[in-house]
Enquirer: 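What follows is a structure written as structure tokens; I'll ask about it next.
Because the structure is a prediction, the values reported are computed rather than measured. FYI, side chains are in, hydrogens and waters are out, and symmetry mates aren't considered; it's all heavy atoms of this structure.
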Amino acid sequence: MAYELYYWDGIQGRGEFVRLALEEAGADYIDITRQSGRGRGTGAMIDIMESDSEPHIPFAPPFLKDGDLIIPHVANILFYLGPKLGLAPEDEGLRHVVNGLQLTVTDFVAEAHDTHHPIDMSLYYEDQKQEAKARSAAFIRDRIPKFLGYFERVLRHNPKGAKHMVGDALTYVDLSLFQVIAGLTYAFPKAMTKRKAEYPALLALHGAVAKRPNIARYLASPRRLAFNEEGIFRHYPELDGVE
């Protein structure tokens with residue numbers, strides 16, 4: 001039975017972290033809101049979230065259905081999928097290390113989102129533009145080096161070598177960091193160009209993931225939506241390089 005992925009149509013967003021794992025593994029999955037027909041589309045996702053009968057209601061997308069089981073939250077989904085897709089270490093302890101890194105990615109992604117919506121998610125970006133400039137300046141100055149510096153050190157300290165974050169084989173957190181680098185480069189091209197020399201191992205990881213056969217095919221396909229100003233990583237020129 002195919003996995004069912006539920007996330008908002010038209011954007012990569014947080015769903016992309018799950019999508020990359022499914023694509024890398026060549027897993028059979030259905031991107032529900034991008035499909036039409038009975039039990040498909042955004043309406044099908046909303047029906048689950050607003051259900052009066054579903055015993056395990058997800059708060060928000062993304063969530064994954066595997067048969068009758070519903071798993072919410074990116075890190076939780078990937079912790080579940082990792083062993084099934086061959087994208088997690090065999091050692092149970094290291095699986096928790098990978099999960100901890102993925103949770104740190106979750107924190108970083110939330111801060112990236114808040115650069116353009118620092119006050120209220122229900123307000124338009126244009127309604128909080130000045131505050132977004134201040135938030136972005138702090139993000140570029142302090143938070144990008146804080147997080148990327150940490151991930152760079154983890155990668156370099158891997159006893160099995162700096163090709164992967166944990167162990168000697170690809171895990172889902174490698175794929176997630178590919179997406180983080182891609183998203184930050186889209187949102188803050190000037191800032192990332194200025195800082196890229198500080199993170200050679202991460203940039204090498206990004207390049208290696210992009211060349212993996214399944215990922216390369218996915219990136220070249222219509223299934224990989226372009227970054228846009230509706231998602232998490234948004235490019236507003238006035239927010240780039242304002243440290």
Enquirer: Mind checking side chain to side chain contact (heavy atoms under 4.5 Å, CB included) for E230 and listing every partner two or more places apart, or none if nothing turns up?
Expert: I11, N228
Enquirer: Apply salt bridge (charged side-chain N to carboxylate O under 4.0 Å, His left out) to R135 and list each qualifying residue two or more places apart in sequence or on a separate chain.
Expert: D114
Enquirer: Taking salt bridge (charged side-chain N to carboxylate O under 4.0 Å, His left out) as the test, write out the residues that go with E198, two or more places apart.
Expert: R195
Enquirer: Output side-chain donor-acceptor pairs under 3.5 Å for residues 58-87, partner residues at least two apart or in another chain, one line each.
Expert:
| residue | atom | partner | partner atom | Å |
| --- | --- | --- | --- | --- |
| D66 | OD2 | Y80 | OH | 2.6 |
| N76 | ND2 | P72 | O | 3.2 |

Enquirer: Would you say that D142 contacts K146 through its side chain, given a criterion of any heavy-atom pair below 4.5 Å between the two side chains?
Expert: no
Enquirer: Return each pair, listed once, that meets ring-ring contact (aromatic ring centres under 6.0 Å, His included) where at least one residue sits in residues 211-236; pairs must be two or more places apart or across chains.
Expert: Y125-Y236, Y186-F227
Enquirer: Verify the neighbour count for atom CD of E92: are there more than 12 heavy atoms of other residues, nucleotides or ligands below 6.0 Å?
Expert: no
Enquirer: Decide, yes or no, whether a salt bridge links E16 with R19 under the criterion of side-chain N to carboxylate O below 4.0 Å.
Expert: yes
Enquirer: Which pairs of donor and acceptor atoms, one on a side chain in residues 204-212, lie under 3.5 Å apart (sequence neighbours left out)?
Expert:
| residue | atom | partner | partner atom | Å |
| --- | --- | --- | --- | --- |
| R212 | NE | E24 | OE1 | 3.2 |
| R212 | NE | E24 | OE2 | 3.1 |
| R212 | NH2 | E24 | OE2 | 2.9 |

Enquirer: Which atom pairs, one a donor and one an acceptor, fall under 3.5 Å between side chains of residues 159-176 and the rest of the protein, sequence neighbours left out?
Expert:
| residue | atom | partner | partner atom | Å |
| --- | --- | --- | --- | --- |
| H164 | ND1 | D174 | OD2 | 3.3 |
| D174 | OD1 | M165 | N | 2.9 |
| D174 | OD2 | T171 | N | 3.0 |
| S176 | OG | Q102 | OE1 | 2.9 |
| S176 | OG | Q102 | NE2 | 3.1 |
| S176 | OG | Y172 | O | 3.3 |

Enquirer: Test side-chain hydrogen bond (donor to acceptor under 3.5 Å, both in side chains) on Y7 and Q12 and set out the steps.
Expert: CA-CA 9 Å; Y7 193 67; Q12 293 181 19; over 6 Å; no
Enquirer: Under the criterion side-chain contact (heavy atoms from CB on, under 4.5 Å), I'd like the reasoning laid out for F139 against L239: C-alpha separation, chi angles, the key distance, then a yes or no.
Expert: CA-CA 10 Å; F139 181 75; L239 302 186; over 6 Å; no
Enquirer: Could you measure the distance from the CD atom of E4 to the CD1 atom of I48? Nearest 0.5 Å is fine.
Expert: 7.0 Å
Enquirer: From E50 CD over to M45 CE, what is the distance, rounded to the nearest 0.5 angstrom?
Expert: 10.0 Å
Enquirer: Kindly write out the residues that satisfy side chain to side chain contact (heavy atoms under 4.5 Å, CB included) with D47, not counting sequence neighbours, or none if the list is empty.
Expert: none
Enquirer: Rounded to the nearest 0.5 Å, what's the gap from CD on Q179 to CG on L184? Could you check?
Expert: 9.5 Å
Enquirer: Return the set of residues passing side chain to side chain contact (heavy atoms under 4.5 Å, CB included) with A2 (not counting sequence neighbours), or none when no residue passes.
Expert: D28, I30
Enquirer: Closer than 4.0 angstrom, basic N to acidic O: yes or no for E23 and R223?
Expert: yes
Enquirer: For F17, which residues count as a ring pair (Phe, Tyr, Trp, His ring centres under 6.0 Å) partner, sequence neighbours excluded?
Expert: none
Enquirer: Assess whether side-chain contact (heavy atoms from CB on, under 4.5 Å) is satisfied between E229 and H116, documenting all intermediate values.
Expert: CA-CA 10 Å; E229 278 54 71; H116 50 78; over 6 Å; no
Enquirer: Taking salt bridge (charged side-chain N to carboxylate O under 4.0 Å, His left out) as the test, write out the residues that go with R217, two or more places apart.
Expert: none
Enquirer: For R153, give me all partners under salt bridge (charged side-chain N to carboxylate O under 4.0 Å, His left out), at least two apart in sequence or on another chain.
Expert: none
